[in-house]
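What follows is a set of notes on a single structure, which appears directly below.
Being a predicted model, the structure only gives us computed values, none of them experimental. Just so it is clear: chains get the letters A, B, ... in the order the sequence lines come, proteins before strands, and each one is counted from 1. All values below were derived from every heavy atom in this structure, side-chain atoms included, with hydrogens, water molecules and symmetry-related copies excluded.
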Number of protein chains: 2
Amino acid sequence: MRRRPTIRDVASASGVSMGTVSRVAAKSSVVSPETRHRVEQAMRTLGYVPNIAARTMRTNRTKIVGLLLPDLANTVFLLLAKAAERLLGAEGYTLFLYSSERSPTREIEFLELASRYRMDGLIVSLSDETNQSVVEALSKMECPIVLLDRDTPIRADVVFSEHAEAMQRVTAHLIELGHRRIALITAPLGIRPGRERVLGYRAALRDAGLGVDEALIGHDYQTSKYGFSKALEMLRRPVPPTAVIAGGDEIFYGVLRATRQLNLAIPGDVSIVGADNRMLSDVVTPMITIIDRDMEQVGDTAADMLIRRMNGEGGEPVHVHLPSEVILRSSTAKPRPDVV
Amino acid sequence: MRRRPTIRDVASASGVSMGTVSRVAAKSSVVSPETRHRVEQAMRTLGYVPNIAARTMRTNRTKIVGLLLPDLANTVFLLLAKAAERLLGAEGYTLFLYSSERSPTREIEFLELASRYRMDGLIVSLSDETNQSVVEALSKMECPIVLLDRDTPIRADVVFSEHAEAMQRVTAHLIELGHRRIALITAPLGIRPGRERVLGYRAALRDAGLGVDEALIGHDYQTSKYGFSKALEMLRRPVPPTAVIAGGDEIFYGVLRATRQLNLAIPGDVSIVGADNRMLSDVVTPMITIIDRDMEQVGDTAADMLIRRMNGEGGEPVHVHLPSEVILRSSTAKPRPDVV
DNA sequence: GGCTCCAATGAAAACGTCACCATTATATCA
DNA sequence: TGATATAATGGTGACGTTTTCATTGGAGCC
């Protein structure tokens with residue numbers, strides 16, 4: 001296997017110095033048109049490809065941005081990733097995608113990777129903001145970081161999504177339809193979305209003067225399996241809920257499977273509210289009422305904030321809050337008069 | 001911002017030479033237990049993190065493997081990626097995930113990236129094996145490559161999935177149930193799975209002595225939108241098909257949406273066969289008959305082949321063929337007697 | 001014509017690591 | 001005891017790039 005041509009080979013082939021070749025390769029400073037043309041010619045014939053590792057050594061910049069997500073199977077995160085990649089790519093950054101599979105161990109592995117490869121910046125969605133060692137590892141990072149929707153003591157920019165208010169609205173809507181036993185299954189309280197959703201849910205019940213049945217709230221795991229078993233358990237109670245709100249993608253899957261297992265009609269037997277996954281909500285019969293947010297906007301915002309920081313912009317950490325939307329569709333309706 | 005500690009700082013802090021520190025960092029050769037301990041101590045107090053770029057310069061290995069996929073939203077590819085990552089990670093490789101979004105331009109961008117970063121190996125799933133410039137760029141790469149399920153003139157290892165036979169079996173099954181107008185919507189003929197599926201489909205019809213109605217075969221795009229519009233068009237014909245086979249994940253989504261739009265009962269009005277997406281097939285009512293393959297096995301196989309090549313194993317390109325499975329469930333049944 | 005100024009290019013050092021070779025200390029054996 | 005093998009460590013150059021500083025040649029000006 002022959003050696004890859006270097007800037008030196010290109011230099012001697014085109015009769016200029018290495019400095020000039022570098023200037024052509026980086027498209028940076030002034031090179032006369034004739035020289036530029038001659039050098040580019042030589043690059044093409046030799047098949048020269050710049051060596052990023054060497055460039056990194058010299059410049060201390062990798063032009064790599066790491067994106068840590070809890071889960072790649074989740075459509076919302078992919079939308080976010082795509083949006084962020086678009087903006088970062090325009091600035092010459094390459095996006096390195098990593099899924100923690102909701103494992104703190106893997107989150108730390110990612111940070112280790114980011115350190116070793118000297119990534120220029122990170123966008124991070126944690127699976128558990130209460131995990132001490134992850135938070136500590138994160139705060140020790142030397143590059144700019146943008147956090148996604150988490151409350152931590154880390155001094156970093158954060159993009160928040162609004163959850164409580166949307167949850168309150170959709171719960172109020174169910175109450176207005178006549179529902180009195182509304183179940184909520186959502187993410188653990190160890191992450192902000194879980195907490196906020198429960199807050200909004202409780203607020204709606206309180207506003208309506210209704211008590212909260214703690215047995216109708218589940219927030220243990222953010223998995224399809226948990227959504228399934230918890231929904232099954234609730235819907236099998238002697239006096240089952242007439243509506244189930246699923247907070248988060250995986251749980252939504254699980255809840256749907258449970259209603260099917262029990263052969264329940266939606267919304268005849270039970271009203272269902274999902275979250276985020278427009279694709280699934282569109283294909284399931286009937287169309288599902290969902291709490292939706294613009295994940296592209298989240299990705300754009302995060303990328304934009306990160307780019308500023310990587311360009312050396314200083315100042316206090318910035319917190320941005322983005323809205324959620326309730327999209328009412330046919331999976332939510334009045335409960336059967338006999339079951340209320 | 002202070003300078004990151006280097007191997008030199010660790011050396012002087014622990015009173016040994018840089019060479020020894022390097023030996024400790026790389027866990028490679030012999031270092032006495034006491035020295036190792038002292039060096040590791042110094043690394044921890046200084047917060048030393050090895051610089052991969054510098055290592056790469058020296059060793060000519062990045063320990064990065066690129067994985068090019070047409071689409072990250074597709075569950076099957078994620079299973080594959082996860083499996084490959086597990087095996088490669090055990091060998092110290094980091095997986096760099098890239099989605100081409102089925103765009104040849106992005107595929108070339110990926111190869112460019114792989115060249116510049118000097119990735120050690122690639123696993124590649126092309127979106128169109130007939131695209132000349134992509135094939136050319138691919139054949140110019142200097143690192144080992146494993147191709148996924150594509151026929152190209154490139155001298156590289158390939159992991160094939162079996163499609164024709166499974167398609168033939170499931171088509172035969174529908175015929176046996178009494179179906180005579182069976183539609184097939186699948187990937188373009190520009191990629192192997194599309195071609196193979198059409199072959200298997202035709203073979204089953206031929207074996208049963210049935211003619212092929214070309215209007216019931218669609219293979220133009222591998223998108224949900226295409227699946228939707230094509231299924232809609234077919235199912236609205238004066239004499240519609242009694243069964244629809246969807247080859248590929250996105251198309252499957254589209255077909256499902258079409259049946260819902262037309263308010264068709266599955267399998268009452270039309271039998272449906274899906275492919276690959278177990279998650280969706282599980283959540284939709286009724287459970288969908290699918291053609292399934294073990295994508296973890298595909299990922300494992302590809303990673304294993306690549307690791308061998310990266311370790312310098314020579315020899316002719318290896319082609320592996322892996323089976324597909326037909327899982328019969330309740331979305332396929334006898335057609336209504338009156339419509340046959 | 002002599003001066004300054006600027007554009008274009010060249011020369012060389014430095015980034016952090018590893019691998020080779022050299023050196024030293026220690027163990028082994030005849 | 002002396003010779004030799006072995007284990008552990010030190011010293012140093014090179015990987016390919018960018019960037020600073022220096023140099024050159026020519027244009028513009030008085």
| request: Respond yes when some side-chain nitrogen or oxygen of B:Thr59 is under 4.0 Å from OP1 or OP2 of D:dC15, and no when none is. | output: no
| Could you write nucleotides 10-15 of chain C as a row of B, S and -, 5' to 3', where a protein heavy atom under 4.0 Å of any base atom gives B, of only sugar-phosphate atoms gives S, and otherwise -? | B--BBB
| request: For the residue pair B:Phe110 and B:Phe96, categorise the inter-ring angle as parallel (less than 30°), tilted (30 to 60°) or perpendicular (more than 60°). | output: parallel
| said: Rounded to whole Å, please give me the gap between OH in A:Tyr117 and P in C:dG16. | reply: 18 Å
| remark: Ranking C:dT17, D:dT9, D:dT18 by distance to the side chain of B:Ile7, first place goes to C:dT17
| Rounded to whole angstrom units, what separation is found between the CZ atom of A:Arg61 and the P atom of D:dT19? | 11 Å
| query | Is there a side-chain contact between B:Val21 and B:Val16 (heavy atoms, below 4.5 Å)? | reply | yes
| query | What is the distance, rounded to the nearest whole Å, between atom CE of B:Met43 and atom P of C:dG16? | reply | 15 Å
| said: With heavy-atom distances below 4.5 Å as the criterion, would you say the side chains of B:Tyr117 and B:Glu112 are in contact? | reply: no
| task | Mind calculating the distance between NE2 (B:His37) and P (D:dA8) to the nearest angstrom? | result | 17 Å
| Does a side-chain N-to-carboxylate-O contact under 4.0 Å join B:Arg192 and B:Glu129? | no
| query | Is the distance from OP1 or OP2 of C:dT9 to the nearest side-chain N or O of A:Thr35 less than 4.0 Å? | reply | yes
| query | Are B:Thr62 and B:Arg118 linked by a side-chain donor-acceptor pair shorter than 3.5 Å? | reply | no
| said: So for the helix from C:dG1-D:dC30 to C:dA30-D:dT1, with five pairs setting each end axis, what is the inter-axis angle to 10°? | reply: 40°
| message | Could you tell me if B:Ser127 and B:Glu107 have a donor-acceptor pair between their side chains, going purely by distance under 3.5 Å? | response | yes
| message | What I want to find out is whether B:Glu34 reaches B:Arg38 closely enough, with some N-O distance under 4.0 Å, to be called a salt bridge. | response | no
| task | In whole angstrom, give the distance that lies between atom CZ of B:Arg36 and atom C1' of D:dA7. | result | 14 Å
| note | Of A:Ile52 and B:Ser32, the one whose closest nucleotide on DNA chain D sits nearer the 5' end is B:Ser32
| query | Does the distance from a Lys or Arg side-chain N to an Asp or Glu carboxylate O, for B:Lys82 and B:Glu296, drop under 4.0 Å? | reply | no
| field | Distance in angstrom units between A:Glu34 CD and C:dA8 P, rounded | value | 9 Å
| said: With no hydrogens and no angle check, just 3.5 Å: does a side-chain donor-acceptor pair link A:Glu101 and A:Ser103? | reply: no
